[in-house]
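The structure appears right after this line, and notes come after that.
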Amino acid sequence: MFSPLAEIEAKTARVVVIGIGYVGLPLALELARAGFRCTGLDTDAEKVRQLNAGRSYIPDVAASDLAPYVSERRLDATCDPAVLGEAHVVIVCVPTPLNKTKDPDMRFIVDAADEIARHQHDGMLVILESTTYPGATSEVLVPKLTARGQMLGRTIFVAFSPERVDPGNQVYKTRNTPKVLGGATPECLRVASRLYAQIIEQLVPVSSTETAELVKLLENTFRAVNIGLVNEIAMMSRKLGVDAFEVIRAAATKPFGFLPFFPGPGLGGHCIPIDPLYLSWKLRTLHCQARFIELADSVNSGMPAYVVERTSEALNDQEKPVRGSKILIYGVAYKRNVNDCRESPAFPIIYGLEQRGARVSYMDPFVPRADLNGVARDSVALDADFGLFDAVVVVTDHDALDRARLARQARLVVDTRDALHDITRDRAKIYGL
Ligand SMILES: NC(=O)c1ccc[n+]([C@@H]2O[C@H](COP(=O)([O-])OP(=O)(O)OC[C@H]3O[C@@H](n4cnc5c(N)ncnc54)[C@H](O)[C@@H]3O)[C@@H](O)[C@H]2O)c1
């Protein structure tokens with residue numbers, strides 16, 4: 001048996017993290033901190049340049065944390081896949097988006113697997129962390145890594161361990177978030193567990209890679225479905241003349257059996273809008289329908305259009321047409337206090353309002369410049385007078401939003417996050433979902 005166990009235990013194992021984005025960079029830092037020599041392999045030359053200069057491009061990773069390991073040469077980055085030839089451990093953290101028909105786009109995992117296979121040698125541990133459908137590790141990764149007669153659990157070790165990073169979370173980071181992992185064989189699990197035990201406080205081993213893959217999809221489906229439920233409750237509440245946020249906050253006082261989720265302008269980010277569709281796609285290949293997932297997707301992906309409609313109604317109440325109105329979108333990042341705009345509902349909302357003839361600008365302290373439906377635009381100044389706009393739509397409730405100033409200056413607010421609920425009693429110009 002050629003196992004990397006001895007090198008892992010001695011921390012002499014050379015680790016390569018493929019994909020040093022939101023997931024890969026914090027992980028690479030944690031490995032370097034634990035004493036491993038860790039190299040990030042990425043196709044993005046700019047990220048490689050930044051990391052090698054000791055600079056961080058991910059808000060959750062402070063440059064002051066990175067820099068000492070970079071100068072000690074314990075952490076570096078490269079675009080050259082040849083580094084894989086020196087690796088005892090390879091961890092794959094590449095994107096797993098959807099294609100235009102909302103089916104899994106596996107090309108990044110396939111490319112990474114092909115690259116590993118080209119530089120493969122006996123005794124490698126390969127772990128997939130990218131979120132994917134149940135069966136992907138055994139159907140996509142394992143065949144490529146055993147194609148030339150390598151023996152699973154003897155000369156090549158393969159595991160799946162989903163990443164649970166929550167960007168912006170000040171309490172739970174890589175080290176103190178329990179980590180689920182499943183091995184392609186019991187020996188694969190044993191070797192992968194020894195690696196993670198060096199950097200993670202609590203491990204949660206499960207019986208197979210498929211189980212670990214489904215754990216991640218359950219976690220994110222749970223969120224997508226619950227958000228779909230409260231988004232529908234928000235629309236029902238409006239018909240009933242009731243404030244959905246007040247209902248949810250009151251329900252959340254129940255000390256057992258209820259978990260609060262809050263409605264909003266639509267899902268965003270790389271996970272919740274996408275991951276459940278990996279599961280429903282897999283189920284379709286087995287002639288089954290994932291009904292909750294499809295229903296939640298339909299409700300959640302309808303929210304941006306609903307916000308456009310609410311904004312039009314609110315302007316109408318003030319005897320203003322949408323066409324020609326000046327509208328400010330507050331927040332284009334997909335969630336509070338981050339700069340990540342992937343899948344942000346702000347973009348379809350802006351598109352929908354512009355389709356109706358509105359003149360739309362945005363303000364976001366985390367996103368000074370954004371590609372708005374194909375055109376690069378700058379955030380308006382953060383101290384701009386909210387009263388210059390016919391309406392302000394709060395899409396993302398960053399902590400930096402001066403809520404009192406917004407309530408005072410704005411002529412009309414469409415508050416999709418209930419950001420102003422404890423700021424003003426004057427609700428006449430404030431519209432909820
Ligand atoms: N961002 C999150 O909050 C989060 C949380 C949990 C899980 N995930 C999952 O983790 C995975 C990675 O997500 P992310 O947010 O870190 O993505 P990201 O886009 O921030 O980073 C991925 C990196 O991989 C690089 N890359 C792509 N193909 C490559 C290749 N063949 N070789 C080398 N580098 C390559 C890209 O250039 C990019 O830098 C996804 O599957 C995602 O669903 C993300």
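As the structure lists them, so they are numbered: ligands from 1, and atoms in each ligand from 1. Keep in mind that what you see is a predicted model, and the values were worked out from it rather than measured.
- The closest protein non-hydrogen atom to atom 35 (C) of ligand 1 is Thr43 OG1, 3.5 Å.
- For atom 13 (O) of ligand 1, the choice among Glu163, His270, Lys335 with the nearest heavy atom turns out to be His270.
- Cys271 pairs with exactly one of Asp166, Val165, Asn220, Thr96 by the side chain to side chain contact (heavy atoms under 4.5 Å, CB included) rule, that one being Asn220.
- Contact annotation: for Glu115 versus ligand 1, there are no heavy atoms closer than 4.0 Å.
- Closest to atom 37 (O) of ligand 1 by heavy atom, among Asp42, Thr96, Ile20, is Asp42.
- The nearest protein atom to atom 9 (C) of ligand 1, hydrogens excluded, is given as Thr131 OG1, 3.6 Å; this is a heavy-atom distance.
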task = Verify side-chain hydrogen bond (donor to acceptor under 3.5 Å, both in side chains) between Tyr306 and Arg238, making sure each step is shown before the conclusion.
result = CA-CA 12 Å; Tyr306 179 77; Arg238 194 162 75 78; 2.9 Å; yes
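- Residue-ligand proximity, Lys216 to ligand 1, at heavy-atom distances under 4.0 Å covers atoms 6 (C), 7 (C).
- Counting heavy atoms closer than 4.0 Å to ligand 1, residue Leu41 contributes backbone atoms (N, CA, C, O) but none from C-beta onward.
- The aromatic rings of Phe222 and Phe261 lie perpendicular to each other, with more than 60° between the two planes, well past the 30° mark.
- Distances from atom 12 (C) of ligand 1 to the heavy atoms of Cys93, Ala113, Cys79, Cys271 show the closest one on Cys93.
- The part of Arg342 lying near ligand 1 is the side chain, judged by heavy-atom distances below 4.0 Å.
- For ligand 1, the atoms sitting less than 4.0 Å from at least one non-hydrogen atom of Pro95 are 19 (O), 22 (C), 24 (O), 27 (C), numbered in the order shown with element in parentheses.
- For ligand 1, the atoms lying closer than 4.0 Å to a non-hydrogen atom of Asp44 are 37 (O).
- Paired with Arg33 under the rule side chain to side chain contact (heavy atoms under 4.5 Å, CB included), one option of Asp65, Leu66, Ile199 passes, and it is Asp65.
- Nearest non-hydrogen protein atom to atom 24 (O) of ligand 1 is Gly19 CA, 3.2 Å.
- Under the 3.5 Å distance criterion, the side-chain polar atoms of Thr155 are left unmatched by any main-chain donor or acceptor of Gly123.
- The aromatic rings of Tyr133 and Trp281 lie tilted to each other, with the angle between the two planes from 30° to 60°.
- At distances below 3.5 Å, at least one donor-acceptor pair connects side-chain atoms of Gln120 with backbone N or O atoms of Leu145.
- Between the choices Val48, Val94, Ile18, the shortest heavy-atom distance to atom 11 (C) of ligand 1 belongs to Val94.
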